There are 2 protein chains.
Amino acid sequence: MRPENQSGEQTRSFIEQARRAQIVRAAVETIAELGFAKSSFVRIAGRAGISPGLISYHFAGKDELIAQVAADIGAAMNEAIEERAAGARSYLDALRAMIRGLVLFCAEHRTEMYALREIAENAPASGGAAVDRNVSVDQLAGLLREGQEHGEFRAFDPHLMAVTLNAALEAAPRELYSRPETDAGRYAEELAETFALAVRRTGRGRRRHG
Amino acid sequence: MRPENQSGEQTRSFIEQARRAQIVRAAVETIAELGFAKSSFVRIAGRAGISPGLISYHFAGKDELIAQVAADIGAAMNEAIEERAAGARSYLDALRAMIRGLVLFCAEHRTEMYALREIAENAPASGGAAVDRNVSVDQLAGLLREGQEHGEFRAFDPHLMAVTLNAALEAAPRELYSRPETDAGRYAEELAETFALAVRRTGRGRRRHG
DNA sequence: ACCTGAACACCGTTCAAGT
DNA sequence: ACCTGAACACCGTTCAAGT
């Protein structure tokens, strides 16, 4: 019988929080070192110095553990992105800043990205990809829609463009890992330019600066 | 001891080819019906009316079986795409035709796409995603580079644009499945327009300060 | 409440044995 | 060569038992 909780963190005891954090940390290290396939509960528990059964006690299942690992890393990514987008003077600048922020974050945290990539490659469903993707896509769609309402962007479908942009962003860690020689700064600029051209009002004889 | 072969299909006997095809078919049906997680060798073999050991006899491992399933479906996709791109009068038209072709193919083969998506979500590495992706990316990069050399496209990095486009294309089956109400024709047009704007020469003359 | 570790059901793979 | 099916090593999860 494991502790019940839906999403409230208040219901978790101090020990439980500490154990979960310890297990998540051990999982990240194990995945990064041995790869996802070899990261069994026995190995993760061994690294943490606890019994395998204790992992099942604190997590509903392997899915929840992996989801927590992905969520922790994803939260750091979002923080880095939003930090950069905050100072933007226009929606186009915000879009560019977000794209740059993500690509550069990936370049600066390659080891964490390796664990995340292992999860994405071997258990993306457990990694909360489906859930987090929709959150991310909806956020992007909101930004794009606002940019349209302010007359900065052309009349595309915000949701479909967000899906497309999200896919392009998710490809970044994969690309940076599989081609370590890639210049992250240039990648960031290329990607920012690509979507800037895709979303902006076509300037052919239309408006100039506001 | 299973039959050895590297990639040549000539070395495979008639029976082996038939068995492999039978097993692949059973795997596709099992994955589509029960999902990837429940598609064990025992269940696939049961559907095919054979022994589980026979699967290991004909395939080097589960990875190879899943890779074959993904490859068969992927081949059908590529065929549909290239068929459409063949009649294009320009590189921009070819790009648009490929994008439309893929999105519409996904819309017309949702059940096969379901199995492919199950694989992509649960075992993309086994699904040959890494290998096939590079092939596909290289092909796209080649097309983009040619378009640049013929003066149709602007001066982006062909490889990075191909990675981005490939990511956007791979998001299509996912999106069409998770939102069945999506108008595939409109999705195809939106995506084609997005990348047409991203790759074409900007009409405003040259870019400022390189 | 927290934790252990053996037991359990299941998995992919192997292999002696059949034809 | 082709195929079977029990045996094997391993997995995530459960649970009686300890504190």
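Chain naming here is simple, since letters A, B, ... match the order of the sequence lines and numbering starts at 1 in each. Note that the coordinates shown come from a computational prediction; the quantities given were computed from them, not determined experimentally. Only this structure's heavy atoms are used, side chains among them; waters, hydrogens and symmetry mates stay out.
In this structure the side chain of A:L197 reaches within 4.5 angstrom of the side chain of B:R154, judged on heavy atoms. The shortest distance between side-chain heavy atoms of B:I31 and B:I44 does not fall below 4.5 Å.
The side chain of B:K62 approaches C:dT13 more closely than any other nucleotide in the set C:dT13, D:dC3, D:dG12. Taking only side-chain atoms of A:R43, from C-beta outward, the nucleotide of D:dC11, D:dT13, C:dC3 with the closest atom is D:dC11. Side-chain proximity of A:Y57 to the nucleotides D:dC3, C:dC2, C:dT14 is greatest for C:dC2. Which of D:dG12, C:dC2, D:dC3 sits closest to the side chain of A:S13 comes down to C:dC2.
Near DNA chain C, meaning a heavy atom under 4.0 Å from it, residues 44-55 of chain A has A:I50, A:S51, A:G53, A:L54 in order of number.
Pairing analysis of DNA chain C (Watson-Crick: purine N1 to pyrimidine N3 plus N6-O4 or O6-N4; G-U wobble: N1-O2 and O6-N3; both under 3.5 Å) yields stems of 3 or more pairs at C:4-8 with D:12-16, C:12-16 with D:4-8.
A:F41 has its CZ atom 17 Å from the P atom of C:dG5, to the nearest Å. Across the protein-nucleic acid pair, A:I66 atom CD1 and D:dG12 atom C1' stand 12 Å apart, rounded to whole Å. As a whole-Å value, the separation of B:I23 CD1 from D:dC2 C1' is 12 Å. The distance from atom CD of A:E16 to atom C1' of C:dC2 is 10 Å, rounded to the nearest whole Å. Protein atom CZ of B:R20 is 15 Å distant from nucleotide atom C1' of D:dC2, rounded to whole Å. When rounded to the nearest whole Å, the span between NE2 of A:H58 and P of C:dA1 equals 12 Å. Remark: P of D:dA1 and CZ of B:R12 are 16 Å apart, rounded to the nearest angstrom.
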Listed pairs under 3.5 Å, donor-acceptor, residues 69-87 of chain B side chains, sequence neighbours left out:
| from | atom 1 | to | atom 2 | distance (Å) |
| --- | --- | --- | --- | --- |
| B:D72 | OD1 | B:Q68 | NE2 | 3.0 |

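Judged as a ring pair (Phe, Tyr, Trp, His ring centres under 6.0 Å), and not counting sequence neighbours, the contacts of B:Y114 are B:Y177. For A:Y91, the ring pair (Phe, Tyr, Trp, His ring centres under 6.0 Å) partners two or more places apart in sequence, or in a different chain, are A:H150.
Along DNA chain D, the nucleotide closest to A:S40 and the one closest to B:I15 are compared, and the more 5′ of them pairs with B:I15.
What you find for B:L92 and B:E152 is that their closest heavy atoms are N-OE1, 2.9 Å.
Between B:R19 and the phosphate of D:dC3, there is a side-chain N or O to OP1/OP2 separation shorter than 4.0 Å.
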Q: Report the C-alpha distance between A:T164 and B:E190 in whole Å, list the side-chain angles of each, state the deciding distance to 0.1 Å, and finish with yes or no for side-chain contact (heavy atoms from CB on, under 4.5 Å).
A: CA-CA 10 Å; A:T164 301; B:E190 291 267 354; over 6 Å; no
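The pair B:K38-B:E118 does not meet the salt-bridge criterion, since no charged nitrogen lies less than 4.0 angstrom from a carboxylate oxygen.
Residue pairs satisfying the side-chain hydrogen bond (donor to acceptor under 3.5 Å, both in side chains) criterion with at least one member in residues 95-109 of chain A, sequence neighbours excluded, are listed as follows: A:R96-A:E193, A:R100-A:E189.
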